[in-house]
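These notes are about the structure you will find just below.
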Amino acid sequence: MRILVVNAGSSSLKYQLIDMTDESVLVKGLCENIGTKGNITHKTGDGRKYEADYPMPTHKQAISLVLKLITEGEYAVISDISEIGAVGHRVAHGGEKLRRSTVIDDEVLNYLETIVPINPLHGPPAILGMRACIDLMPTTLQVGVFDTSFYGEIPDYNYIYPIPYSFYEEDRIRKYGFHGTSHRYVMGRTAEILGKDPKDINMITCHLGNGSSVTAEKGGVAIDTSMGFTPQDGVVMGTRSGAMDPTVVTYIMKNKGISAEEAENLINKKSGILGVSGVSNDLREIAAEAEKGNYRAELSRKMLANSIKKLIGAYTAELNGLDVLVFTAGIGENDAKVREMVCENLEYLGIKFDVNANMSAPRGEEAVLSTADSKVKVLVVPTNEELMIARDTASIAAK
Ligand code: ADP
């Protein structure tokens with residue numbers, strides 16, 4: 001079966017067509033600047049590449065172009081849309097109700113509309129993407145895979161915020177958690193590498209990219225995670241502050257006379273590594289600056305690493321002991337220095353970090369970073385959210 005994976009953002013749309021017989025990627029691509037100038041990059045698994053500016057005023061037009069490229073002409077990989085067995089949609093937020101991947105129908109779409117107020121950035125484009133696919137492929141099964149659904153088993157004492165309970169009951173304010181599809185893939189792959197059942201491993205997975213989250217898994221389910229009501233909470237990120245005293249925000253709002261929207265923009269887009277360093281949100285540039293002796297660049301990196309280290313300590317306590325620590329995503333898969341800073345001085349927790357193995361680990365590949373006698377294994381496991389979405393979609397389509 002072939003599964004089309006669609007990830008619709010506000011002005012972009014990523015796609016992959018995966019052949020589930022061997023999980024190979026037949027084609028992957030990206031539509032950007034939807035609604036403005038429009039351009040597409042489309043790469044087939046056998047190395048053909050198409051790049052062009054192309055007007056795509058709406059998500060529907062973008063998907064229509066993708067379907068045309070996939071099925072017709074020089075860059076085609078199948079000859080008819082009917083060869084697509086099902087479409088899997090990445091959906092960041094499934095609210096409290098959508099706790100597993102599910103067939104998209106009117107009821108699900110209506111529910112997703114009701115939670116747009118708590119998911120204003122990612123909800124509307126995801127809904128547009130799903131509606132467009134339903135219109136263009138009315139007979140093809142559409143499945144939603146929700147980043148939040150991995151957190152359905154988190155205990156109440158970890159998802160309720162310590163504010164009046166009515167905010168949970170009436171306003172749906174609680175920890176939802178994000179990046180769940182990535183953490184779930186990494187948990188499964190890690191167990192496979194170790195030849196164990198995920199149920200038998202106490203694990204901490206660190207998804208460190210532009211946005212970062214750390215999740216604790218016990219018994220094969222997530223029991224805590226660092227992102228919260230929104231992806232703003234948790235570790236220091238590229239441009240997001242992560243966790244801090246909430247009155248810092250209200251104080252700045254009052255003192256500088258800025259609105260809630262401006263304050264949100266400040267902690268989301270201008271803070272974190274970028275805000276502290278004043279250099280960049282990209283760890284490659286931070287590393288180069290730190291090497292030149294730039295104090296604030298080095299400080300921002302120390303803050304990032306230490307915010308992760310503190311969560312590892314907290315989650316090890318919650319898990320009642322740790323078996324495996326895993327790094328993934330842009331920083332986790334590529335930045336050996338950050339991994340070293342996170343893992344140094346954790347011997348008390350049973351982590352013996354192999355500095356040489358870490359430094360020589362090939363970028364973006366699976367690797368073991370702990371010594372042979374380390375009680376806790378430390379691994380790099382590259383994430384693959386698209387494959388996780390395709391697997392869920394194929395298994396629902398097979399029912
Ligand atoms: P997103 O959260 O947007 O999916 P990624 O997981 O791709 O992001 O991570 C992007 C980040 O990964 C970059 O901003 C950069 O900080 C970091 N990164 C990527 N490649 C490297 C590298 N070779 N060395 C260090 N950091 C890297």
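Values reported hereafter were calculated over all heavy atoms of this structure, with side chains retained and with hydrogens, waters and symmetry mates removed. We number each residue from 1, following the sequence as shown. Keep in mind the model is a prediction, meaning the values are calculated, not measured. Note that ligands are numbered from 1 as they come in the structure, with each ligand's atoms numbered from 1 the same way.
More than 12 heavy atoms of other residues, nucleotides or ligands sit less than 6.0 Å from atom CD of E347.
For residues 109-129, the side-chain hydrogen bond (donor to acceptor under 3.5 Å, both in side chains) pairs, not counting sequence neighbours, are E113-R131. Each ring-ring contact (aromatic ring centres under 6.0 Å, His included) pair with one or both residues in residues 25-74, not counting sequence neighbours, appears once here: Y15-H42, Y50-Y75.
Annotation: side chain of I115 is not in contact with side chain of K97 (no heavy-atom distance under 4.5 Å). You'll find the side chain of C206 stays beyond 4.5 Å of the side chain of V342, heavy atoms only.
Residues passing the salt bridge (Lys or Arg N to Asp or Glu O under 4.0 Å) test with D46 are R48, sequence neighbours excluded.
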Taking a 3.5 Å cut-off between nitrogen or oxygen atoms, can you list every pair linking ligand 1 to the protein, with distances?
| residue | atom | partner | partner atom | Å |
| --- | --- | --- | --- | --- |
| ligand 1 | 2 (O) | N210 | N | 3.0 |
| ligand 1 | 6 (O) | G330 | N | 2.9 |
| ligand 1 | 8 (O) | N210 | N | 3.4 |
| ligand 1 | 12 (O) | I331 | N | 3.4 |
| ligand 1 | 14 (O) | N210 | OD1 | 3.4 |
| ligand 1 | 16 (O) | L283 | N | 2.8 |
| ligand 1 | 20 (N) | R284 | NH1 | 3.4 |

